[in-house]
Amino acid sequence: EVQLQASGGGLVQVGGSLRLSCAVSGSTFDDYAVGWFRQAPGKDREGISCINANDGRAYYSDSAEGRFTISIDNTKNTVYLQMNSLRPEDTAVYHCAMDPRPPRYDVGQPYEYDYWGQGTQVTVSS
C-alpha cells in the first residue's frame, strides 16, 4: 500500500523559510511523480509544484516560481519543498501526492494524483 507522510510545517514569520518533507513508502512503481498542493480555509486545493522521480524535472505554479524549490532524494524516497520568502498568503495545509503515471509536464490538478498524504499546516504570521 502506497503511503505518503508530509511533515515540516509550522509557524513562521513573513520572509522566513520552511522545508517540507514527503516520505513515500510502499510504492512498487518503477517511476512516479510527486506533487505538492495546498489548501487554505474556504479555498480550492491549489497545485504548487511537482517533480518526476526518475529524471528530476520539476515544475512550479506562478505563486511558487522563484521562491519554492522542490527536490527528491531517491535513496530515501523523500521529496522536499524548500519554501523561502514566505508570505501570509502562503498560509495553508500543504499536502503531497503521488501520480504513478509519469512523466508530468506541469503540476496539474488534484484528480490527476492517486495517493495523498495527510497534510501539514504552514502558518505565516505578519
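On a predicted model such as this, the values are computed, not experimentally measured, just so you know. Values reported hereafter were calculated over all heavy atoms of this structure, with side chains retained and with hydrogens, waters and symmetry mates removed.
Asp114 is listed as a side-chain neighbour of Arg101, based on a closest heavy-atom distance under 4.5 Å. Here the side chains of Asn52 and Tyr59 are in contact, with some heavy-atom distance below 4.5 Å. Between Leu81 and Ser49, some side-chain heavy-atom pair lies under the 4.5 Å cut-off. Taking 4.5 Å as the limit, every side-chain heavy atom of Val107 sits out of range of all side-chain heavy atoms of Ile48.
How far CD of Gln121 is from OG1 of Thr91: 7.5 Å, rounded to the nearest 0.5 Å. Distance check: Leu86 CG to Ser126 OG gives 13.0 Å after rounding to the nearest 0.5 Å. With values rounded to the nearest 0.5 angstrom, Leu20 atom CG is found 12.5 Å from Thr78 atom OG1. Between the CG atom of Asp106 and the SG atom of Cys50 there is a distance of 6.5 Å, given to the nearest 0.5 Å. Between Glu46 atom CD and Arg38 atom CZ the span is 4.0 Å, to the nearest 0.5 Å. With values rounded to the nearest 0.5 angstrom, Ile51 atom CD1 is found 13.0 Å from Cys96 atom SG.
Residues Ser85 and Ser17 share a closest heavy-atom pair of N-OG, 4.4 Å. Taking each heavy atom of Met98 and Val2 in turn, the nearest pair found is CE-CG1, 3.8 Å. Considering all non-hydrogen atoms of both residues, Val34 and Cys22 come closest at CG1-SG, 4.3 Å. Here the closest heavy-atom approach between residue Tyr113 and residue Asp99 is recorded as CD2-N, 3.6 Å. Tyr94 approaches Asp90 most closely through the heavy-atom pair OH-O, 2.6 Å. Pro100 approaches Tyr115 most closely through the heavy-atom pair CG-CE1, 4.2 Å.
Relative to the six-membered ring of Phe37, Arg45 misses at least one condition, a distance below 6.0 Å or an angle of at most 45° to the axis.
For Arg57, the CZ atom counts as loosely surrounded, since its 6.0 Å shell holds 12 or fewer non-hydrogen atoms of other residues, nucleotides or ligands. When the shell of 6.0 Å around CD of Gln13 is examined, it contains 12 or fewer heavy atoms from other residues, nucleotides or ligands.
Met83 and Val124 fall within a single hydrophobic cluster, where Ile, Leu, Val, Met, Phe, Trp and Tyr are joined by side-chain heavy atoms under 4.5 Å apart, directly or via other members. No continuous path of hydrophobic side-chain contacts links Val12 to Val93 [ILVMFWY only; heavy atoms under 4.5 Å]. Clustering ILVMFWY residues whenever any of their side-chain heavy atoms sit less than 4.5 angstrom apart, transitively, puts Tyr60 in a cluster other than the one holding Tyr80. Hydrophobic clustering (side-chain heavy atoms under 4.5 Å, transitive across Ile, Leu, Val, Met, Phe, Trp, Tyr) keeps Trp116 apart from Phe29.
Gln5 places no side-chain N or O within 3.5 Å of a backbone atom of Gly117 that could act as its donor or acceptor partner. Side-chain atoms of Asp31 come within 3.5 Å of backbone atoms of Asn54 as a donor-acceptor pair (strictly under, hydrogens ignored).
Under the 3.5 Å distance criterion, with hydrogens and angles disregarded, no donor-acceptor pair is assigned to the side chains of Glu89 and Ser63.
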